[in-house]
Amino acid sequence: MKYQKLQARLSYQFNNKELLMRALTHRSYGINHNERLEFLGDSILNFSVAALLFSLLHNQDEGDLSRIRSSLVNQQTLADLAIKLQLPDVVLLGEGELKSGGFRRPSILADTMEAIFGAIYLDSNIEQAQHVIEHLYRPLLKDADFSTLGKDAKTLLQEMLQARKLPLPTYTVLATTGAAHDQQFEVECSVPTLNLAATALGASRRSAEQAAAKIVIEQLKQIAPTRKAMKSKRIVTQLTLPVAVEQENK
């Protein structure tokens, strides 16, 4: 029943159910795992998203299209799609991966998504694979800001401040905890001119900086939407922000 529900969410019914099961099988579970399907699906995904963007976005140049595509086919976006499809409930993992929470790991979920796209292609044709990918991706594109999509938080924050002729943010490592192979970094991102500061945790210094910058961006949008508002300094806020935890390999 759960596999039927997955197919309904995909808007695709497999003719060969063995292909679906193989796509859902991680290498830790058995010999007939999904890595070859993942290889195939990766190419199909990149082509399909490129074709979709080419048909929808008529004013973006090659550089912008590449940036946008990269953000749509990256691990996190695929993992988010996998969660919406409830893949953690159906992915087949070995006992060790199950105990370590592999069904929540973005890399495993993203690889499974690509394997599913490859399986759909083999089960039918490229047109059906494209149809499924478009079905999943069009909602993501509906309200997307293509001027910022694909840019990391640190770059966006820098551009926002430069556009308002304000000094760049500063990043300070407040603490480093954990063993050498499993460290956590606590980083503060601050914009002294606006009296803004946010702290975040990450598995690397870079990931912590990105997480902190993302928080500052959201606060900056709320309290300083325009250059005029910032110049007048009518709003000055000291933030007490929740910690944002972002998992990223060093």
Side-chain angles (χ1 to χ4, degrees), residues 1-56 68-142 144 150 182 203 245-249:
M1 179 61 72
K2 58 185 178 181
Y3 301 113
Q4 286 296 328
K5 290 181 178 180
L6 171 61
Q7 292 175 90
R9 290 189 285 268
L10 286 168
S11 292
Y12 181 81
Q13 291 292 320
F14 276 84
N15 299 302
N16 183 352
K17 298 300 191 294
E18 290 183 4
L19 278 171
L20 172 60
M21 299 311 297
R22 185 173 179 182
L24 296 173
T25 302
H26 186 256
R27 65 179 303 169
S28 64
Y29 188 85
I31 297 176
N32 294 320
H33 54 74
N34 62 13
E35 288 187 355
R36 283 176 58 84
L37 289 175
E38 173 202 338
F39 164 78
L40 182 61
D42 174 70
S43 296
I44 293 169
L45 173 64
N46 274 275
F47 166 72
S48 299
V49 171
L52 179 60
L53 294 176
F54 188 85
S55 67
L56 292 178
I68 295 167
R69 181 187 61 183
S70 294
S71 72
L72 293 172
V73 302
N74 66 18
Q75 182 182 106
Q76 191 57 57
T77 300
L78 284 169
D80 290 342
L81 285 174
I83 291 172
K84 290 180 181 179
L85 292 171
Q86 299 179 30
L87 282 193
D89 296 337
V90 295
V91 65
L92 301 175
L93 300 171
E95 185 177 346
E97 284 291 351
L98 280 173
K99 289 182 178 179
S100 65
F103 54 89
R104 291 190 298 266
R105 192 167 299 136
S107 59
I108 290 178
L109 294 176
D111 291 347
T112 305
M113 285 299 306
E114 290 178 339
I116 288 174
F117 299 146
I120 291 172
Y121 165 73
L122 292 178
D123 190 60
S124 52
N125 51 51
I126 188 63
E127 288 79 12
Q128 284 295 325
Q130 282 186 271
H131 175 76
V132 171
I133 290 169
E134 289 191 16
H135 166 72
L136 295 174
Y137 273 90
R138 280 187 179 273
L140 301 183
L141 298 174
K142 184 177 180 182
D182 188 27
V245 179
E246 182 174 316
Q247 296 300 320
E248 178 177 304
N249 292 330

For the backbone of T77 and the side chain of N74, can you confirm whether one donor and one acceptor N or O come within less than 3.5 Å of each other? yes
Less than 3.5 Å apart, which donor and acceptor atoms pair up between the side chains of residues 13-25 and the rest of the protein, not counting sequence neighbours?
unit_1: N16; atom_1: OD1; unit_2: E18; atom_2: N; d: 3.0
unit_1: K17; atom_1: NZ; unit_2: F14; atom_2: O; d: 2.6
unit_1: R22; atom_1: NE; unit_2: H33; atom_2: O; d: 3.1
unit_1: T25; atom_1: OG1; unit_2: M21; atom_2: O; d: 2.6

Contacts of Y12 that satisfy side chain to side chain donor-acceptor pair (under 3.5 Å) - sequence neighbours left out: D123, S124
Test log, rule side chain to side chain contact (heavy atoms under 4.5 Å, CB included), inputs L37 and L122: CA-CA 9 Å; L37 289 175; L122 292 178; 3.5 Å; yes
Spatial distance of atom CG (L93) from atom CZ (R27) [nearest 0.5 Å]: 13.0 Å
In a table with atom names and distances, give each donor-acceptor pair under 3.5 Å that connects a side chain of residues 111-118 to protein atoms at least two apart or in another chain.
unit_1: T112; atom_1: OG1; unit_2: I108; atom_2: O; d: 2.8

Quick check for you: to the nearest 0.5 Å, what is the distance between L52 atom CG and F47 atom CZ? 11.0 Å
Measuring from atom OG of S71 to atom CG of L140, what distance do you get when rounded to the nearest 0.5 angstrom? 9.5 Å
Using the test side chain to side chain donor-acceptor pair (under 3.5 Å), find all partners of S107 that sit at least two apart in sequence or belong to another chain. none
Mind checking whether K2 and K5 have side chains closer than 4.5 Å, heavy atoms only? no
If you take all heavy atoms of L109 and A82, which pair is closest and at what distance? CB-CB, 3.8 Å
Can you list everything that forms a side chain to side chain donor-acceptor pair (under 3.5 Å) with S43? Sequence neighbours excluded, please. none
Working to the nearest 0.5 angstrom, can you tell me the gap between S28 OG and E95 CD? 10.5 Å
How far does OH of Y29 sit from CG of L98, to the nearest 0.5 angstrom? 9.5 Å
Please tabulate, for side-chain N and O atoms in residues 126-135, each donor-acceptor pair with protein atoms closer than 3.5 Å (sequence neighbours left out).
unit_1: H135; atom_1: NE2; unit_2: R9; atom_2: O; d: 3.4
unit_1: H135; atom_1: NE2; unit_2: S11; atom_2: OG; d: 3.3

Side chain to side chain contact (heavy atoms under 4.5 Å, CB included) assessment of L141 paired with L53: CA-CA 9 Å; L141 298 174; L53 294 176; 4.1 Å; yes
Gap separating the CG atom of N46 from the CZ atom of R69, nearest 0.5 angstrom: 5.0 Å
Measuring only between side-chain heavy atoms, which start at C-beta, is Y137 closer than 4.5 Å to L81? yes
